[in-house]
Amino acid sequence: QVQLVESGGGLVRPGGSLRLSCAASGSTFSINAAGAGWYRQAPGKQRELVAAITKFGNTNYLDSVQGRFTISRDNAKNTVHLLMNSLKPKGTAVYYCNAGGSGSYSYTAGDYWGQGTQVTVSS
């Protein structure tokens, strides 16, 4: 019954930036009441956790994106964002928002997923 609506994907040049958004709707679920994360999956590859924020506000990132990506929450808008700077071609994938997760220093995915948004990094 919880719906996560993603937006912000698209085509961007290497070195460019993109901000993904994930808004919870259709229920009284608060996106900040638990952890949230962003996963990505490229064709033929396994889905991997890119960034996560716990209910305590702790954040963690995939090593390859640390320092370039930032996950944040907007409680007033019930939305989670992923700001991606200095994008690289290997960042091309479908990005999925996840909500309802748990964990303090590691993220365990919750049951709620966005529909996925395509990010393509190419010249």
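Note that these values count all heavy atoms, side chains included, but never hydrogens, waters or copies made by symmetry.
A distance of 7.5 Å separates CZ in Arg19 from CG in Leu83, rounded to the nearest 0.5 Å. With rounding to the nearest 0.5 angstrom, the CD1 atom of Ile71 is 8.0 Å from the CG atom of Asn60. In this structure, CG in Leu4 is found 8.5 Å from CD in Gln115, a value given to the nearest 0.5 Å. Note that CG of Leu49 and OH of Tyr96 are 14.5 Å apart. Values are rounded to the nearest 0.5 Å. Atom CG of Asn78 and atom OG of Ser25 lie 8.5 Å apart (nearest 0.5 Å).
The two residues Ala34 and Gly101 make their nearest non-hydrogen contact at CB-O, 3.5 Å. Counting all heavy atoms, side chain and backbone alike, Thr54 lies closest to Gly103 at CG2-O, 2.9 Å. Of all the heavy atoms in Asn85 and Ser17, the pair that sits closest is OD1-OG, 2.8 Å.
Side-chain atoms of Leu82 and Arg40, non-hydrogen and from C-beta on, never get closer than 4.5 Å to each other. Counting only heavy atoms from C-beta outward, the side chains of Gln118 and Thr92 approach each other to under 4.5 Å. Side-chain contact between Ser64 and Lys88 is absent, with no heavy-atom pair separated by less than 4.5 Å.
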(request) Might you work through the side chain to side chain contact (heavy atoms under 4.5 Å, CB included) test for Tyr107 and Ile53, ending with a clear yes or no? (result) CA-CA 8 Å; Tyr107 186 73; Ile53 183 167; over 6 Å; no
(request) Output, in order, the C-alpha distance, side-chain angles, deciding distance and verdict of side chain to side chain contact (heavy atoms under 4.5 Å, CB included) for Leu62 and Phe69. (result) CA-CA 9 Å; Leu62 185 68; Phe69 289 15; over 6 Å; no
(request) Could you walk me through whether Leu11 and Ser122 pass the side chain to side chain contact (heavy atoms under 4.5 Å, CB included) test, one step at a time? (result) CA-CA 7 Å; Leu11 175 65; Ser122 176; 4.2 Å; yes
(request) Any chance you could lay out the side chain to side chain contact (heavy atoms under 4.5 Å, CB included) test for Ser21 and His81, step after step, and finish with the verdict? (result) CA-CA 4 Å; Ser21 299; His81 300 285; 2.9 Å; yes
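In the hydrophobic clustering of this structure, Tyr61 groups with Val80; members are Ile, Leu, Val, Met, Phe, Trp, Tyr whose side-chain heavy atoms approach within less than 4.5 Å, directly or through other members. Both Val65 and Leu18 belong to a single network of hydrophobic side chains, linked directly or stepwise wherever heavy atoms of I, L, V, M, F, W or Y lie under 4.5 Å apart. Residue Tyr39 is not grouped with residue Val50 when hydrophobic side chains (ILVMFWY) are merged at heavy-atom distances under 4.5 angstrom, including chains of intermediate members.
The environment of CG in Asp63 is sparse: at most 12 heavy-atom neighbours from other residues, nucleotides or ligands sit within 6.0 Å.
For Asn98 (side chain) and Gly110 (main-chain N/O), a donor-acceptor pair under 3.5 Å exists by modelled atom type. Judged by distance alone, with hydrogens and angles left aside, the side-chain atoms of Glu6 form no donor-acceptor pair with the main-chain N or O of Leu20 at under 3.5 Å.
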